[in-house]
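Below, chains carry the letters A, B, ... as their sequence lines are ordered, and counting in each starts from 1.
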Amino acid sequence: MRKIGRNKLSGHIVETEAYPPGDQAGHAYSGRTARNQSLFLAAGFAYVYFIYGTSYMLNVSAEAPGVGAGVLLRAIEPIDGIEIMKRLRGTAKVTDLARGPGRLAAALQIDLRLDGVDLCADGPLWLGTAVRDPARILMSPRVGITREVDRPLRFFEAASPFVSRPYPISPPVKNTS
DNA sequence: CGGCTGATGATCT
DNA sequence: GATCATCAGCCGG
């Protein structure tokens, strides 16, 4: 859920990735820094960072204070404020509005000002109470990382057109030619 | 549609 | 100076 002035944006979360304590692929792995300090807050705070010179990523801190872990939000199915999301994203295709973590952040106008926000309190950004049907949630390896690449820590809704990739990533195939 | 590639800047070594 | 939890645009089928 996102509030921008008088406008409300919302969507169902349909894809996430876990970055648990001790995970070498997680930003908290090398200890607390200026950038990643929000991961070390209590569970339920926003960790926002900027990457590739182009994209913001939105995470939710996920462990007790001082531990360092989070969940990356990778896709939502837009519900409220779809016209505003289209303007923020520069596309009219609803399935492309928030399919992927950078697109999700852009569709919700998320930047570093929202880093550290309490997602369980009234404010500009928070988590609603909708629950996805567990029977429809599939797992796969995570996308776009170079360490701990095989851990099945990506969770996504089966057959959803709003998910960044609809099925598990195939393992790399060697070129034998 | 899938595959490839350049863009672009913060962060850390 | 390398890396990076990505994306848009372009190309071929």
Side-chain angles (χ1 to χ4, degrees), chain A residues 11 13-41 43-63 67-78 84-117 119 125 127 137-157 159-177:
Chain A
I13 297 168
V14 294
E15 179 181 353
T16 65
E17 283 175 357
Y19 291 87
D23 174 21
Q24 292 186 50
H27 285 190
Y29 182 69
S30 300
R32 189 173 181 153
T33 67
R35 175 174 75 154
N36 69 14
Q37 56 183 332
S38 295
L39 284 176
F40 293 83
L41 298 173
F45 286 78
Y47 166 48
V48 180
Y49 66 91
F50 184 63
I51 193 164
Y52 294 122
T54 57
S55 306
Y56 293 97
M57 304 278 122
L58 172 63
N59 301 252
V60 183
S61 63
E63 292 288 342
V67 174
V71 171
L72 171 69
L73 303 188
R74 287 193 55 90
I76 66 171
E77 175 178 343
I84 295 169
M85 293 186 198
K86 287 179 180 176
R87 182 164 48 77
L88 289 167
R89 284 273 299 114
T91 180
K93 192 175 175 188
V94 177
T95 50
D96 281 347
L97 290 179
R99 203 192 68 211
R103 293 164 177 163
L104 183 156
L108 297 179
Q109 200 175 60
I110 283 164
D111 60 29
L112 296 183
R113 290 173 303 202
L114 293 173
D115 183 43
V117 162
L119 299 177
L125 182 68
L127 290 165
I137 299 174
L138 304 182
M139 300 166 56
S140 81
R142 295 170 291 185
V143 177
I145 56 174
T146 59
R147 316 176 71 166
E148 308 234 25
V149 296
D150 294 326
R151 298 184 73 183
L153 292 175
R154 171 176 174 252
F155 304 86
F156 60 101
E157 184 164 279
S160 170
F162 300 98
V163 159
S164 67
R165 288 167 164 76
Y167 39 77
I169 309 153
S170 315
V173 179
K174 286 202 170 157
N175 185 345
T176 56
S177 63

Is A:Ala25 touching bases, backbone alone, or none of the nucleic acid, heavy atoms closer than 4.0 Å?
base
Between the CZ atom in A:Arg147 and the CG atom in A:Asp23, the distance rounded to the nearest 0.5 Å is 9.5 Å
Minimum heavy-atom distance A:Ala62-A:Ala43, with the two atoms named:
C-CB, 3.8 Å
Between C:dT6, B:dA10, C:dA8, which nucleotide gets closest to the side-chain atoms of A:Phe50?
B:dA10
Using atom OH of A:Tyr47 as one end and atom P of B:dA10 as the other, report the distance to the nearest whole Å.
14 Å
Give, for atom CG of A:Asp115 and atom CG of A:Asn36, the distance between the pair rounded to the nearest 0.5 Å.
9.5 Å
In whole Å, I'd like the distance from the CZ atom of A:Arg147 to the C1' atom of C:dA5.
13 Å
Quick one: look up who C:dA5 pairs with, Watson-Crick or G-U, both distances under 3.5 Å, and put none if it's unpaired.
none
Can you find a side chain N or O atom of A:Thr146 that sits less than 4.0 Å from OP1 or OP2 on C:dC4?
yes
A:Leu72 CG to C:dA5 C1': how many Å, rounded?
6 Å
Centroid-to-centroid, A:His27 to A:Tyr49, below 6.0 Å?
yes
Whole angstroms only, please: what is the CZ-C1' distance between A:Arg99 and C:dA8?
12 Å
Send over the distance from A:Asn59 CG to C:dT6 P, rounded to a whole Å.
11 Å
What residues from residues 28-39 of chain A pass a heavy-atom cutoff of under 4.0 Å to DNA chain B?
A:Thr33, A:Arg35
What is the distance from CD1 of A:Ile51 to C1' of B:dA7, rounded to the nearest Å?
14 Å
Spell out, as yes or no, whether a donor-acceptor pair under 3.5 Å connects the side chain of A:Glu15 to the backbone of A:Ser164.
yes
Quick one: the side chain of A:Tyr49 and the base of B:dA10, do they pair up donor-acceptor inside 3.5 Å?
no
Using atom NE2 of A:His27 as one end and atom P of B:dA10 as the other, report the distance to the nearest whole Å.
15 Å
The answer to which of A:Leu112 and A:Thr54 contacts DNA chain B further toward the 5' end, by nearest nucleotide, is A:Thr54
Taking atom C1' of B:dG9 as reference, at what distance in whole Å does atom CE of A:Met57 sit?
13 Å
C:dA5 OP1/OP2 closer than 4.0 Å to side-chain N/O of A:Arg154:
no
Select one nucleotide: of B:dA7, C:dA5, B:dA10, the one nearest the side-chain heavy atoms of A:Ile145.
C:dA5
Find the distance between CZ (A:Arg89) and CG (A:Leu108) and round it off to the nearest 0.5 Å.
11.0 Å
Within 45° cone of A:Tyr19 ring axis and under 6.0 Å: A:Arg142 NZ or CZ
yes
